[in-house]
Amino acid sequence: MKDDLQPQGIYVAGRWRLTGDLAENRDPSRPEALVSLQSLATTCDLDEAVAAARPAGAAWAALPPQARFAVLDAAGTEILARTDEIGRLLSREEGKILPEAVGEAERAGMIFKFMAGEAMRTGGELHPSLRPGTSVEVTREPVGVVGIITPWNYPIAIPAWKIAPALAFGNAVIFKPAELVPACAVLLTEILERAGLPPGTLSLLPGPGAEIGAAIAAHPGVDAVSFTGSAATGRGVIATAAARGARVQAEMGGKNPFVVLEDADLPLAAEAIASGSYLSTGQRCTASSRIIVVEAVHDALVEALAKKVSALRCGPADDAASSYGPVVDARQLASNRAHVRGALEEGAELVTASAEDQGLFMQPVLLAGTTNAMRINREEVFGPVAAVIPAADYDEALALANDTSFGLSAGIATRSMTRAQHFRRHVRAGMVMVNGPTAGVDFHVPFGGTRGSSYGPREQGTHAREFFTQVKTAYISPVG
Ligand code: ADP
């Protein structure tokens, strides 16, 4: 198998090349199967990529907007034409089931289409000045060279939602994908190259995060860094980039609450929780992990949810009978298991059957009788695990929802518009879902959170321009 695979290169200054260091990329559904062999970049490659990006970015920014539109639109067209094939690769590489993987590829294609349009919508503002005869023009300019560091859980959608706006607004990109998913990154880079992206405008540097990721955050030639990943790594990236005055944006996960009130539609609530907590193997920063239920409906909700959860099947990503796929790797599985063990030691009750994991296939875990102080409710797990926390009433449920260091997404199940509106206003989260799962968001509206979840401006939709452009205010006084 290994002999049949051609190693995949890094892409620097418009050229693909192999390096001495190769990493094996394996299929979590069948860890004995290799998906690809990936050349790894060094910090010398980063220096070369940044040196190429500076002039290439300036030339890219100087093109008429329709030229950028054309490249991004062509990339979107190719992605949308190949969603089945891209979905298959993605599901082999990351382990999400085929329908989810194809859906992710579609989303990436639509993001490129949306951001192609954004390239054409960069008009500015004209203001009368306080000074007679002078006018004020406010325009947006590219930031320059943008470092993009992405996680493994959305191998094509997250790179798309950072790279597409970076390019749309005239920046050059240094792209460092997660170690576990280089093949989707290579494929996306090839698509952008074919779409006509000029050499040097984007370089692809797969490699270890602690080496290449850290070097991107620290590089004096990188003007801005957009990061998605774990909270601990994100805080380091923020500190490094900010210390040298670079612009930085970070998405760092969540500990998302889903509140169930006494007037909830319980079957709908159970469905929203089962979907939000377990699909995509719970490997979503927007996954609902703290299920806060008022006492009046606590037992009924746990019963309905247990039924839903026990019907979920974890299996190979390409098996149509699987509700969700394997955990991404052995390290993540061990961490998930340690969190569950810790919760049981702290007194949580296991509601679902404690089936043995086969390989990386982790059965869904539903815990009840937990308190918000337990570790299981303080730290992000990133697996198919949810914990029920009882609450006396709405006020206590809201207080528990807000008692966390994160603030990404929050959900509530209620028939009361008054309660829903109160929750929308008072829950400390960047995204709120009323009667729907906390995970699974649209691509054309802002994405991001508060407190420990996010740093810097929002991603996605028209708000993406806040990070990927800088504002210039010009005072123009014509003379005769
Ligand atoms: P996870 O633990 O889920 O893999 P990480 O935050 O470690 O999440 O990884 C997210 C991204 O950050 C990956 O591309 C990874 O290679 C990169 N990364 C890891 N360590 C560092 C670091 N010290 N500096 C910058 N990037 C890093």
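Read the numbers this way: they start at 1 and go in the same order the structure lists the ligands and their atoms.
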query = Is it the case that Glu93 and Asn25 place a side-chain donor and acceptor less than 3.5 Å from each other?
reply = yes
key: Residues lining ligand 1 [heavy-atom distance under 4.0 Å, listed by chain and residue number]   = Ile149, Thr150, Trp152, Lys176, Pro177, Ala178, Glu179, Gly209, Ala210, Gly213, Ala214, Phe227, Thr228, Gly229, Ser230, Thr233, Val237, Arg331
query = Can you name the residues that form a side chain to side chain donor-acceptor pair (under 3.5 Å) with Asp223, not counting sequence neighbours?
reply = Arg54
query = Does the side chain of Gln460 come under 3.5 Å of the side chain of His444 through a donor N or O and an acceptor N or O?
reply = no
Check: Gln283 main-chain N/O paired with Thr281 side-chain donor or acceptor under 3.5 Å = no
Polar side-chain atom of Thr438 near backbone of Gly276 as donor-acceptor pair, under 3.5 Å = no
request  = Would you please say whether a donor-acceptor pair under 3.5 Å links the side chains of Arg290 and Asn372?
outcome  = yes
